[in-house]
Structures are given as C-alpha cells and as structure tokens.
Visitor: 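Pasting in a structure now, in structure tokens, and then I'll have a few things to ask.
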There are 2 protein chains.
Amino acid sequence: MKVTGDQALVKKINKSLILHTIRKHAELSRARISEMTGLNKATVSNLVAELQEDQLVLEAGPGESSGGRKPLILHFNAMAGCVIGMELRVKQLTAVLCDLNGSVLREAESPLLQHDLPYVFEAMQTMIATLIDAAPLTHYGILGIGVGVPGMVDEHGLVLFAPNLGWEKTPLRELLEEKFSIPVIIDNEANSGALGELNFGRGEDVRHLLYVSAGSGIGSGIIIGGELYKGSRGYAGETGHMCIEAEGTPCSCGSRGCWELYASEKAYDLAALELPAYHTRELIRYADQGNAAACQQFAVMGTYFGIGLTNLINSFNPELIVIGGALSEAREWLEGPMQQVVARRTLPYHKQQLEIAFSTLGSRAAMIGAGFSAAMHFLGHTRVMM
Amino acid sequence: MKVTGDQALVKKINKSLILHTIRKHAELSRARISEMTGLNKATVSNLVAELQEDQLVLEAGPGESSGGRKPLILHFNAMAGCVIGMELRVKQLTAVLCDLNGSVLREAESPLLQHDLPYVFEAMQTMIATLIDAAPLTHYGILGIGVGVPGMVDEHGLVLFAPNLGWEKTPLRELLEEKFSIPVIIDNEANSGALGELNFGRGEDVRHLLYVSAGSGIGSGIIIGGELYKGSRGYAGETGHMCIEAEGTPCSCGSRGCWELYASEKAYDLAALELPAYHTRELIRYADQGNAAACQQFAVMGTYFGIGLTNLINSFNPELIVIGGALSEAREWLEGPMQQVVARRTLPYHKQQLEIAFSTLGSRAAMIGAGFSAAMHFLGHTRVMM
DNA sequence: AAAACTTTGTTTAACCAATATACAAAGTGA
DNA sequence: TCACTTTGTATATTGGTTAAACAAAGTTTT
C-alpha cells in the first residue's frame with residue numbers, strides 16, 4: 001500500500017520541515033521560519049508549540065530587534081536525547097556517545113583480538129553498556145544505536161558478508177535490539193562515513209557526495225540528492241573491486257586487477273617493498289624521514305587511487321569527494337600524484353565543479369555518521385517530491 | 001522556498017497516485033483502486049470524477065461481477081494527447097509520435113549529412129512539423145517534445161558537450177520551445193533509453209536499472225529508486241570513459257584505457273581487423289558467415305564489455321542491466337563471452353539478483369523514452385518520501 | 001515625550017480535503 | 001423471492017492550513 005495524503009500527513013511534512021530547518025540553521029525566530037519555509041505564521045506557531053512539548057525545540061529568550069518587536073529565538077534541543085555511534089573495525093572497536101547534533105560527549109575504544117561473533121558481540125555489549133551508563137540524564141534517554149561495519153549489510157541490518165571478519169549472514173541488528181531494546185541501525189562503514197561527512201564534515205549543502213574510505217580495502221559511500229544510495233539490495237558502493245587492469249593481479253573476489261589491490265593497504269603485500277613496514281602508520285614514518293622507497297610507494301598508490309577516482313567521477317559526477325579511512329592520513333604523500341592523474345584524466349565538464357577533499361572528521365567519520373543514522377531514525381524526515 | 005503541505009498538496013498527491021495506478025494497471029474499478037491505494041472509496045470517486053473531467057480517465061462500461069454489483073471499469077485515456085519522442089544520432093535523425101502510453105502512432109526517419117546547428121535544427125523542425133501534422137485530433141493535442149542527444153545535457157536543456165556532433169553549449173531546448181511553443185525535454189540518449197526500457201521494455205517493477213548503450217561509444221542511463229539519476233550537474237553516466245586498463249590506449253578524452261576503446265565500435269579502429277568491415281552490421285554479416293576473425297573480434301569485445309559491466313555492477317548494484325545501442329544487435333556473438341566474464345568476476349552477492357538482458361525496444365528505446373519524459377512532464381508525479 | 005511606524009507572534013473564523021458511516025443501486029446464489 | 005455481496009454515492013464530521021485582524025513590544029520620527 002502506497003503513501004496517501006491526508007491532514008495527518010500534511011502536519012507531518014510541515015512539522016518535519018520546521019524541525020529540520022531549526023536543526024540546520026539554529027537561532028531562528030518563528031517569523032524567520034515562516035519566511036524561509038513559506039508556511040503561515042500561525043502554522044509555524046502551532047507546530048513549534050508541539051515541538052516544544054516534544055522537547056525537541058527550546059526557546060532561548062529574545063534576540064536583536066530589527067526595528068520592531070524583538071524575536072523569540074528558537075533552537076534545536078540537541079540534548080533531548082543521546083545516540084550511540086559505533087564502528088566495528090578489523091582490529092578495533094570504537095564508539096561515541098553523541099547528542100542529536102553529532103557532538104561527541106564521550107568516546108570509547110578497545111582492541112579486537114578475535115572475530116568470532118560471541119567475542120565481538122560481548123565486546124560491543126560491554127562498550128555500549130559503558131556509554132549508556134556514562135550518558136547524561138536527558139528527556140528521551142538513549143534513542144538508538146548506529147553501527148558501521150566493514151561489509152555488506154542488507155535492509156534488515158543483516159551483515160551479509162564481511163570477508164575481513166569472516167562473517168556471513170550475521171543478524172547483528174536483531175541481536176543488539178534484543179539486548180538493548182532500542183532501535184539499532186546497521187550500515188556499511190563507508191555509508192556511515194559518507195553520512196558523517198555530509199552532515200558534520202565537509203558536505204554542507206552538498207547534494208551529491210562520494211565518500212571513499214581507503215584502508216585495508218576500498219569502499220565508497222554514495223550520497224545522491226542528499227541521501228544515501230544503497231543499491232537494489234543495500235550494498236552498492238563496493239568500488240574497491242572495480243577493475244582498473246583488465247588482466248591485472250588476481251583478487252580474492254574472483255576478478256582481476258581490482259582497484260583496492262593497487263590503491264589500498266593491500267598494495268603493500270604486492271609491492272617489492274624493501275622496508276620492514278606493512279602498515280600505513282609505519283610507512284608514513286619512513287616517508288617523513290625521507291625514505292625514497294616509501295615515498296615512491298605512496299606516489300604509485302596515489303596515481304592508482306586517482307585512476308579509480310576518475311572512474312567514479314565519470315560515472316557519478318559528484319560535487320564533492322571526501323577521502324577517509326586509514327590511508328587518508330598519508331595525504332601529504334598521496335594527494336599530489338592523485339590530483340595530477342585526476343586532472344589529466346577526467347572529462348572536462350566533470351572537472352569544473354568537482355572538489356576532492358580529505359576527511360575532516362578523520363577516523364571518527366563512520367562513528368559519527370552511524371550515530372546520525374540513529375538520530376534521524378528517531379527524528380524522522382517526511383517530505384514531498386514533485 | 002521548500003515544498004510545504006496543505007490541502008491542495010494532499011489532493012495533488014492522491015490524484016497523482018490514482019492516475020498513475022490506473023495508468024500502470026489498466027482496467028480497474030473504483031473499489032479496486034480504493035483497496036490498492038488505501039484511499040477511501042469516496043475520495044477515489046471524487047478524484048476519478050475530476051480525472052474524467054480532465055479527459056485523462058475514461059469509463060469503459062461494466063466488468064465481471066464477483067458476487068455483487070458489477071464494477072465500472074476505468075482506464076487511462078492514453079489518447080488524451082500525443083507526444084513526440086526524438087533521437088538525434090550522429091548519422092540519422094529519428095522520431096516517433098506516441099500516445100501517453102508509449103504506443104507508437106507514427107515513425108519518421110531521415111539521414112543526417114552535416115552536424116552544423118542550422119542544418120540539424122532545420123531537419124528537426126521539418127520532422128517535428130510532419131509528425132504534428134500527422135497527429136490525430138485529441139483533447140490536448142501535442143503535449144510536448146522529448147529529445148535524446150549523444151552528449152551531456154544540463155538541467156536547462158542546454159547541450160553542454162556532444163563531441164560526435166561537434167556541439168558545445170547548444171541551447172536546443174530553448175530553440176525548440178521558441179519554435180513550437182510546447183514543453184521540450186532534452187536528455188542524454190542513454191538516459192532516454194533507460195527511461196524507455198524502464199517503462200515500456202524489460203524494466204517493469206524494477207527500481208534500480210542500468211541501461212548501457214553501446215554504439216560509437218558507450219553511455220549509461222542510471223535509474224535509481226525508479227527514477228533517473230543525473231548527477232550533480234545533469235551528466236552522470238559517462239561510463240564509456242571508465243578506465244579498465246590503467247596504462248592502456250590513449251583516448252581522446254585525455255585519459256587512457258577507456259572502456260569504450262575496447263568494447264564499442266571504437267574498438268574496430270584499434271583491431272588489426274583483416275576485414276573490409278568497420279561497421280557493426282557488416283561485421284555481423286561476416287560473423288554469420290562463419291568468418292573466424294569477425295567472431296574473434298566480437299568475442300574479445302564481449303569480454304571487455306563484461307569487464308566494464310562488472311565495474312558498474314559492483315558500484316551500482318542494479319537489479320537489471322539492459323544493453324542497447326547498435327552493438328546490441330550483435331548479441332549472438334557478444335553475450336556468451338560477456339556473461340562468462342561477469343559470472344567469473346562479479347562479487348557473489350551481486351550476482352544473486354542480477355539479470356542482464358538485451359534491449360527489447362531495440363533502436364527505439366531512446367525515442368520512446370524521450371517521448372515518455374514529455375508525457376510525464378504533462379501528467380506530473382507528486383509523491384511523499386518518509 | 002508623544003506619535004507613528006515596524007516587527008513579532010497569537011487569535012479567530014473560514015475553508016476544504018479526507019474520512020467514517022449510512023445508504024442506494026445492482027448484482028449473485030439458494 | 002429472499003438474503004447476501006459488492007459497488008459506488010451522499011452526508012456530516014474532523015482537523016489541518018490560511019488570511020486577516022489583533023495584541024505585544026520594539027524603534028524612529030516629530
């Protein structure tokens with residue numbers, strides 16, 4: 001059954017519009033909201049009153065007059081409740097406690113020594129419980145948990161396939177919801193990172209964003225029209241297995257010449273590196289010391305990284321690409337060769353309005369994005385398309 | 001100013017819902033529509049009455065009783081008006097006169113000898129005028145013109161760049177609207193083809209579809225969530241310039257190893273073909289006659305075609321890929337090698353629900369899709385997202 | 001300092017689309 | 001013929017937005 005229109009829907013649309021207008025712009029008066037949205041002043045007053053009852057909007061006293069009565073300043077009550085954003089990495093579990101604006105209230109981190117589900121689930125439980133205990137008292141309490149995982153996730157929060165964890169069809173959402181009895185959102189780590197950068201990083205006012213996470217592999221989160229694009233069964237963005245050498249190195253996925261073999265940490269295995277370094281951090285240290293082999297390694301990777309980016313640019317035509325993940329820390333060494341290749345290889349019209357940036361949220365992008373998903377699930381977002 | 005909710009919007013949403021329900025399913029009663037949409041019977045009656053006044057819905061007399069009063073069968077009045085769908089190709093101009101259901105009422109075709117705008121525009125004008133004259137008398141007359149062009153088009157119908165025509169920043173929509181005073185929709189030929197296949201070809205009930213048009217180059221039309229995805233400035237889908245050989249053959253776009261150099265008609269130039277054939281039709285004839293060189297040529301192209309498809313599959317995760325364009329006529333020779341590569345190289349979870357099909361609309365896909373765009377522009381489509 | 005003007009936010013009455021409910025019309029089956 | 005089903009319409013109610021008037025609280029002009 002499709003969505004039909006009635007008065008309740010109208011109210012939902014307008015209330016949602018007002019809430020998100022306040023959330024994004026902060027410090028608005030009712031009169032200003034009426035102007036910005038086109039809604040009648042009376043409608044704004046009524047719905048703001050409801051949002052105040054819901055504890056989602058607060059009145060912060062009078063503002064500056066512009067020649068008449070002083071406006072009553074409203075702002076979004078980011079502390080109406082808290083959310084937990086978590087990232088499950090191969091060697092580490094990290095999480096944040098956030099308010100509804102993505103501000104980090106508390107951080108937690110613990111190493112992950114094994115990958116079997118009981119062990120990992122136990123570690124997640126412990127960390128979540130710790131953050132819940134540490135949460136300040138708010139009206140709604142803990143509103144939800146968002147988790148970014150290194151693998152494909154379907155629309156029911158089932159982790160279909162996470163090769164680096166050895167997981168297959170793991171019902172992570174179900175397990176966590178059963179344990180904590182609050183909504184849980186599971187998503188691919190790159191998708192979460194894309195949401196984080198879109199909302200709290202570089203992506204303000206961007207409608208088409210590509211977040212490319214390069215670490216032990218490469219994954220992309222695709223934002224289209226301001227929203228996450230997940231593909232037909234929820235796992236688009238597996239761009240690491242894009243072929244950039246038709247008859248290149250065989251990959252574990254069954255294909256050959258996959259991008260991530262040349263432009264992620266997997267490249268270290270292939271390179272004839274005469275250095276005792278197989279991790280990005282170490283390699284960066286060598287490069288910083290002026291080691292030619294390390295510099296060369298990054299230069300080659302940067303070039304390959306740019307080739308893959310070019311393909312994504314030609315296909316998706318994004319406004320902004322944000323590069324995140326462990327490799328983004330090697331920006332100093334990767335950026336030059338990468339930008340050079342992109343400049344040389346991209347179609348002229350794509351170049352014009354494209355910006356390629358490195359993550360501003362750094363390693364927290366995925367956590368913050370995952371928390372944002374949980375917050376949005378609570379806040380809702382009803383709107384009309386023409 | 002954003003879209004706000006009021007009663008007019010509610011009516012618009014519901015009227016649109018009813019109209020498109022009738023359009024897609026045909027032969028429905030008011031009672032059945034009420035069940036399908038969830039709208040109240042009275043609401044359906046009222047809005048159907050308005051749609052009848054608008055001449056968009058007709059009553060076709062009583063249907064079969066299922067144990068009670070006979071239903072009154074409604075159907076979409078596809079002949080409320082006509083649209084023109086046109087495709088501008090490098091060597092040919094083709095167009096169709098369609099009803100609002102994409103049924104072709106009349107076809108036209110003429111060779112294109114030059115590419116300068118005055119000549120092409122003159123040819124377009126003549127063809128459109130002929131079709132308008134040939135149109136049957138309908139309530140609304142000619143509702144719009146849709147044109148698919150071999151190049152990038154922005155949201156204002158400006159042809160930004162069409163290398164095969166030598167066009168740059170050509171205001172095609174403006175010119176046609178000025179001339180004919182009806183709405184004109186310009187789009188990339190692959191985008192139009194994607195819409196055609198989605199609505200009138202293989203794509204029924206498909207939400208994520210990729211239409212890959214292979215001819216003198218390769219372009220893709222991307223349907224996401226049942227809607228055309230155009231990228232940030234309206235020209236996503238330039239997948240032909242996806243690099244599949246990092247240090248491959250230099251391309252006119254400035255890059256190297258572009259997919260279309262290996263898997264479109266451009267490959268003929270590169271191949272050491274010892275045949276006097278440089279066009280697909282001729283080559284197919286040779287292959288049909290058992291010529292080994294021709295078969296080999298197609299087999300290689302099929303393999304490369306599959307490699308590019310694999311990249312698209314991993315990135316977009318579509319439910320259905322439809323292959324169109326001139327090369328789709330070589331299906332017999334391309335399909336085997338192509339499917340083999342895809343089967344071997346695609347990630348296991350992507351394979352499960354993916355179907356790769358050849359165009360059913362053939363060379364008419366883009367025209368019919370362009371006409372559909374014009375029809376949809378008239379009919380409107382208002383809906384809600386949660 | 002008083003008067004005139006501005007701006008903000010609320011109150012009021014009117015409007016109108018969807019809905020539930022009752023009802024009329026037109027069929028089936030025993 | 002009678003009981004039941006199904007279809008489609010009529011009626012009163014509900015509840016959201018809106019325009020317009022208004023009250024409140026400023027600033028600017030005289």
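So you know, we letter chains A, B, ... as the sequences are listed, proteins then strands, and number each from 1. In what follows, every heavy atom counts, from backbone to side chain, and hydrogens, waters and symmetry copies are set aside. Being a predicted model, the structure only gives us computed values, none of them experimental.
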Visitor: Of Glu50(A) and Ser45(B), whose closest DNA chain D nucleotide lies nearer the 5' terminus?
Guide: Ser45(B)
Visitor: Counting only heavy atoms not in Arg106(B), do more than 12 sit closer than 6.0 Å to its CZ atom?
Guide: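 No.
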Visitor: Taking only residues two or more places apart in sequence or in another chain, which ones pass salt bridge (charged side-chain N to carboxylate O under 4.0 Å, His left out) with Glu174(A)?
Guide: none
Visitor: Using ring pair (Phe, Tyr, Trp, His ring centres under 6.0 Å) as the criterion, list what pairs up with Phe76(A), not counting sequence neighbours.
Guide: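 Per chain and number, Phe76(A) pairs via ring pair (Phe, Tyr, Trp, His ring centres under 6.0 Å) with no residue.
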Visitor: Polar atoms only, N or O, under 3.5 Å: list the protein pairs with nucleotides 13-16 of chain C and their distances.
Guide:
residue : atom : partner : partner atom : Å
dC16(C) : O2   : Gln7(B) : OE1          : 3.0
dC16(C) : O2   : Gln7(B) : NE2          : 2.4

Visitor: Quick one: closest heavy-atom pair of Pro71(A) and Glu64(A), and the distance?
Guide: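 Nearest heavy atoms, Pro71(A) then Glu64(A): CD-O, 3.3 Å.
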Visitor: Per the side chain to side chain donor-acceptor pair (under 3.5 Å) rule, what does the pair list look like for residues 46-57 of chain A, sequence neighbours excluded?
Guide: Lys11(A)-Glu50(A), Lys15(A)-Glu50(A), Lys15(A)-Asp54(A)
Visitor: Start with the C-alpha distance between Glu59(B) and Arg30(B), add both sets of side-chain angles, then the distance that settles salt bridge (Lys or Arg N to Asp or Glu O under 4.0 Å), and finish with yes or no.
Guide: CA-CA 10 Å; Glu59(B) 213 163 66; Arg30(B) 291 168 177 81; 2.7 Å; yes
Visitor: Please report, rounded to the nearest Å, how far the P atom of dG8(D) is from the CD atom of Gln52(B).
Guide: 11 Å
Visitor: Encode nucleotides 19-30 of chain C as B, S and - characters from 5' to 3', where the letter depends on protein heavy atoms closer than 4.0 Å: B to the base, S only to sugar-phosphate, - to neither.
Guide: BB----BBBS--
Visitor: Per the side chain to side chain donor-acceptor pair (under 3.5 Å) rule, what does the pair list look like for residues 69-86 of chain B, sequence neighbours excluded?
Guide: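 The answer is none; no pair qualifies.
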Visitor: Provide, to the nearest angstrom, the distance between the CD1 atom belonging to Ile73(A) and the P atom belonging to dG26(D).
Guide: 14 Å
Visitor: Starting from P on dG16(D), measure out to CG on Leu47(A) and report it in whole angstrom.
Guide: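 It is 9 Å, rounded to the nearest whole Å.
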Visitor: Arg32(B) CZ to dT7(D) P: how many Å, rounded?
Guide: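 Taking atom P of dT7(D) as the reference, CZ of Arg32(B) is at 10 Å.
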Visitor: Rounded to whole Å, how long is the line connecting atom CD of Glu35(B) with atom C1' of dT5(D)?
Guide: 13 Å
Visitor: Applying salt bridge (Lys or Arg N to Asp or Glu O under 4.0 Å) between Arg202(A) and each of Glu197(A), Glu355(A), Glu319(A), report the one that passes.
Guide: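 Option passing the salt bridge (Lys or Arg N to Asp or Glu O under 4.0 Å) with Arg202(A): Glu355(A).
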Visitor: What is the distance, to the nearest angstrom, from the CD atom on Glu64(A) to the P atom on dT6(C)?
Guide: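 Those two atoms, CD and P, are 20 Å apart.
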